[in-house]
Each structure stands twice: as structure tokens, then as C-alpha cells.
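Residue numbers begin at 1 in each chain, while the letters A, B, ... track the order of the sequences. No hydrogens, no waters, no symmetry mates; every other heavy atom, side chains included, goes into these values.
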2 protein chains.
Amino acid sequence: MKKFVPVLKRTKLFSGVGDDDISTMLSCLGARLLTYEKGEYVLRQGEHLSDILVLAEGSLHIQRDDYWGNRSILGHIGVGEIFGEAYVAPESGTLLNDVIAVEDSSVFFFDVKRVISTCSSACRFHTMVVQNLFFAISEKNRGLVQKLDYMSRRTTREKLLSYLSEEAKKQNSASITLPFNRQQLADYLSVDRSAMSNELCKMRDEGLLEFEKNRFRLF
Amino acid sequence: MKKFVPVLKRTKLFSGVGDDDISTMLSCLGARLLTYEKGEYVLRQGEHLSDILVLAEGSLHIQRDDYWGNRSILGHIGVGEIFGEAYVAPESGTLLNDVIAVEDSSVFFFDVKRVISTCSSACRFHTMVVQNLFFAISEKNRGLVQKLDYMSRRTTREKLLSYLSEEAKKQNSASITLPFNRQQLADYLSVDRSAMSNELCKMRDEGLLEFEKNRFRLF
DNA sequence: TCCTTTCTGTTGTAAATACAACCGACTTGT
DNA sequence: ACAAGTCGGTTGTATTTACAACAGAAAGGA
């Protein structure tokens with residue numbers, strides 16, 4: 001568990017907390033570290049959740065399959081990101097989405113009650129962690145608003161362009177790597193894969209962008 | 001300002017705080033109360049925000065107009081609801097949406113710095129308010145996920161049904177009142193108004209629902 | 001290496017949507 | 001009461017999308 005302290009140190013949750021203090025907090029917060037193989041479910045839709053999770057290594061997708069097998073991908077979780085925070089509130093109800101490992105992954109579980117409430121021992125950082133938690137979920141909130149912005153576009157092309165250009169802004173480069181293959185990108189943008197593939201090629205022919213696998217370059 | 005204490009008492013932000021303590025906190029938090037006429041902007045896209053807002057009376061829409069005048073409605077804010085919380089984080093950047101009064105409204109402004117940090121006076125409730133804030137934004141987060149679920153549907157009918165049935169669940173009744181007229185509902189679901197109107201009538205003819213103005217009944 | 005599976009692009013067709021234009025009912029303000 | 005504006009429904013057409021089916025390339029396993 002200790003080996004992930006450098007990872008945790010750079011997360012939003014432990015921002016401003018030193019290495020030693022993180023080590024202390026790991027036991028103070030009753031942290032557990034679980035591992036998942038590619039394809040395994042980390043969380044399932046309908047479950048109750050009382051932990052805040054942090055991805056220590058690997059990569060996850062938040063997604064949802066309906067009755068008919070149509071998949072919708074809500075988002076991607078990279079190393080150091082927090083997830084599950086939205087479902088630990090007392091009145092939150094059960095999870096609306098699955099979380100699945102897209103590669104072998106390790107996940108920290110922190111009991112929210114121990115994160116939020118001041119403990120008896122000498123953890124000076126609870127206040128800061130609660131604030132961090134607030135800022136982290138507030139960031140996630142803005143990300144969701146951003147995604148709603150992509151999804152509110154009427155055409156596949158507009159969805160692609162708004163997503164790709166936002167991603168370019170985030171990655172601070174015109175060359176970007178997406179955490180999705182074509183099918184996943186289509187599920188993320190809620191469009192048909194073949195139509196999207198078609199549209200991507202048209203855009204390439206028009207000189208708007210280039211791509212190879214999941215690497216894209218915008219012009 | 002005092003007259004709104006009963007309203008504030010029932011908000012998520014002040015949940016668990018007594019009347020007297022709310023009165024005390026109003027000054028302690030440096031609360032300001034501003035009023036807006038129907039159609040006035042409360043917040044504008046691109047602005048910086050350092051306050052957390054609570055709607056004391058009236059009704060607001062969170063929306064966004066693009067270059068070409070296409071409007072997208074992100075959500076509706078009713079009395080007692082918190083808003084702006086997602087944009088008060090240090091690294092949050094500017095607002096992505098406008099907030100506009102759809103009827104004459106009054107809004108409380110609370111400086112986030114005074115909400116989050118412990119004050120010197122005897123406010124025993126800061127910890128609780130920060131927790132409340134966390135839960136409130138976490139609830140808003142779930143609402144955004146819910147909206148993404150509507151928006152991920154491919155057809156206008158599916159969008160309508162998922163939205164209306166979710167609203168029926170929230171309002172705990174098959175008869176629901178929407179905070180939108182037809183154009184606003186279309187902007188909320190990101191579909192064409194006339195196509196949506198058409199679809200609604202088809203659904204009515206098929207016996208799926210009834211409606212009159214902004215009141216709907218599901219069968 | 002060979003076989004299987006996955007991934008991506010291509011095409012054609014049916015279905016759904018956007019867009020524009022129009023109409024009548026209803027509101028609002030003067 | 002009148003005029004102007006708003007609102008919701010209807011229709012037709014052009015555009016866009018979903019869906020299904022297929023094929024070649026790439027990746028992975030035996």
C-alpha cells in the first residue's frame with residue numbers, strides 16, 4: 001500500500017498533505033487496496049456505496065448498459081482520480097452506473113464516515129481533506145457540465161469537434177490521445193459507431209484533423 | 001433578509017442548523033440578498049464567481065446560448081436550491097453557463113471563503129455547513145448524471161420518456177408539473193421543438209400520457 | 001504459423017430529426 | 001377593444017442518423 005503514497009500525494013484528495021501524513025492517514029482512514037483484472041467490475045449499478053475511491057493504477061470506465069445491451073459510457077477514470085464521491089451521501093440512493101476496469105487496476109477504498117468526521121487521533125488534515133473532497137467533486141461537476149455540452153450538440157460532427165477540441169485544451173496540445181477506441185468513443189458521445197467512423201473520415205478528408213488509432217491531431 | 005430564515009432553514013446548505021443560528025450566520029457569512037426581475041441575468045457565462053448562491057424566492061434557469069442563438073438549458077433552480085457551488089473552487093475557471101431569472105427572484109450570496117474557513121466568532125456550524133455543501137454538490141452531481149442519461153437516448157421519444165418518468169419519480173406522482181414550456185423543454189432535452197411537439201402528440205394518441213400546458217400525466 | 005477475435009472503415013436503406021413556414025389560440029399591454 | 005407578441009401544434013422537405021451487413025487489417029492465442 002505504501003508504494004502508492006507518491007501517487008496519492010498527487011491526487012486532489014490529498015493535495016497539500018505530506019508523505020508522512022498520508023502514511024498515517026492511510027491507517028487512520030482505514031484504507032483498503034483492492035485489485036481488479038481487466039474487464040472486472042469495480043462497482044455495479046444498483047449497489048450501495050459508503051466508500052470514496054481513488055484509482056492507484058490502471059484505468060477505469062464509468063458506464064451503463066440498458067436492457068437491450070446498448071452501452072453508454074459516462075467517463076474515464078485515470079490514475080489518481082477520485083470516484084464514487086457522489087454516492088456516499090446519506091440520501092444518495094444506489095449507484096446509477098457500473099465502473100469497470102479497462103486494464104488491470106488497483107483501487108483505494110476510504111470509508112467516507114472516517115474521511116468526513118474528525119477522528120480522535122492526531123490527524124490534522126481532516127478539514128483539509130473535506131475541503132479537497134468538495135473541490136474534487138466540484139471539478140467533477142464541471143466535467144459533467146462539459147460533457148452535457150458535447151451531448152447537447154445535434155450532429156455527430158459537432159459532438160466530435162466539441163469533445164476533441166475540449167480534450168485538446170485539457171491536454172494542452174493539438175495532438176491528443178483518447179482513452180477510448182472507436183466503439184467506446186461512440187458510446188461516450190452516444191452516437192452510432194459506423195456513422196461516427198464515417199464522419200471522422202470525412203473530417204479527415206476535409207483537413208480538419210488526422211488520426212491513427214486513438215491518437216488525434218486537430219488542425 | 002430575516003424573513004427568509006424559514007426558507008434557508010429548509011435548504012440543504014443549512015440543514016440541521018436552527019433558526020437563531022441561521023440568523024447569526026447570515027452576518028457571520030457576510031450574506032447579501034439581491035433581487036432580479038424576470039428575464040434578468042443573475043450570472044453570466046465567462047464571469048468569475050466566489051460566492052455560493054441560494055435562491056430565496058422565484059425561479060431560475062441555467063442555460064447557454066451559442067453564437068448562432070441556439071439555446072441549451074442545463075437545468076432549473078427552485079426555491080431553496082443552491083447553485084454556483086461548482087465554480088467557487090480555486091482552479092475552477094469561469095462560469096460555463098448563464099443563470100437567468102424566469103420570474104422575479106431573490107438570491108442569497110455567501111462568500112465561499114467565509115463559508116469554508118472557520119471564523120473567529122462562535123459559529124459552531126461551519127463544519128456542518130461544509131459537509132452540507134459536499135452533500136449538496138454531490139446531489140447536484142447525481143442530477144447531472146441523470147440528465148446525461150436522458151441525453152444519451154437516441155430518439156426524442158426516449159428522451160421524453162426517461163425525463164418524464166424520472167420527474168414522476170422525483171415528484172412522487174404520475175401527475176407532474178414541469179418548470180418548462182415547450183420551447184424550454186426542447187432546449188432542455190436538446191431536441192427540436194416542433195419534432196418534440198409532434199412526438200408528444202403521438203404519445204398522447206397512443207395513450208402513453210396526457211398533458212395540458214406544462215402539466216403532464218403518465219399512464 | 002495458423003486460426004480466431006477484435007477493430008475500423010464502407011456502403012445502402014429505413015427511420016428519425018432538424019428546419020422552415022404557417023396557423024389558430026391565448027396573453028399582454030395600451 | 002385592439003394590436004402585438006407568445007405559445008403550441010401541424011406539415012413538408014432536406015438532412016442526418018441508426019442499423020445491419022460486410023470486408024480488410026491488426027492483434028492475440030494456441
- Between dT6(C) atom C1' and Arg182(A) atom CZ, what is the distance in whole Å? 14 Å

- Report the residues that fulfil ring pair (Phe, Tyr, Trp, His ring centres under 6.0 Å) with Tyr36(A), sequence neighbours left out, ordered by chain and then residue number. none

- Taking the six-membered ring for Trp and the single ring otherwise, decide whether the centroids of His61(A) and Tyr188(A) are under 6.0 Å apart. no

Between the protein and nucleotides 28-30 of chain C, are there any N/O to N/O pairs under 3.5 Å, and if so, what are the atom names and distances?
none

- Between dT16(D), dG9(D), dA18(D), which nucleotide has the shortest distance from any of its atoms to the side chain of Thr155(A)? dT16(D)

- Query: What heavy-atom pair brings Ser190(B) and Lys159(B) nearest, and what distance separates the two atoms?
  - Reply: O-NZ, 3.9 Å

Donor-acceptor pairs under 3.5 Å, side chain of residues 205-214 of chain A to any protein atom, not counting sequence neighbours: which ones?
unit_1: Glu206(A); atom_1: OE1; unit_2: Arg157(A); atom_2: NH1; d: 2.9
unit_1: Glu206(A); atom_1: OE2; unit_2: Arg157(A); atom_2: NH2; d: 3.0
unit_1: Asn214(A); atom_1: ND2; unit_2: Leu178(A); atom_2: O; d: 2.8

Show me the donor-acceptor pairs within less than 3.5 Å that the side chains of residues 82-96 of chain B make with the rest of the protein, sequence neighbours left out.
unit_1: Glu85(B); atom_1: OE2; unit_2: Lys140(B); atom_2: NZ; d: 3.2
unit_1: Ser92(B); atom_1: OG; unit_2: Tyr87(B); atom_2: O; d: 2.8
unit_1: Ser92(B); atom_1: OG; unit_2: Ala89(B); atom_2: O; d: 3.1

- Message: Ring centres under 6.0 Å, that's the criterion: do Tyr163(A) and Phe216(A) meet it?
- Response: no

Could I get a table of every N or O pair under 3.5 Å where one atom is in the protein and the other is in nucleotides 27-29 of chain D?
unit_1: dA27(D); atom_1: OP1; unit_2: Lys213(A); atom_2: NZ; d: 2.6

- Gap between atoms CH2 and P, on Trp68(B) and dA18(C) respectively (whole Å): 17 Å

- Task: Starting at atom CZ of Phe211(A), determine the distance to atom P of dC7(C), rounded to an integer number of angstrom.
- Result: 17 Å

- Nucleotide dC7(C), atom P - distance to CZ of Arg71(A) in whole Å: 11 Å

- Message: Expected output is a numbered-order residue list: members of residues 192-203 of chain B with a heavy atom under 4.0 Å from any atom of DNA chain D. What is it?
- Response: Arg193(B), Ser194(B), Ser197(B), Asn198(B), Cys201(B)

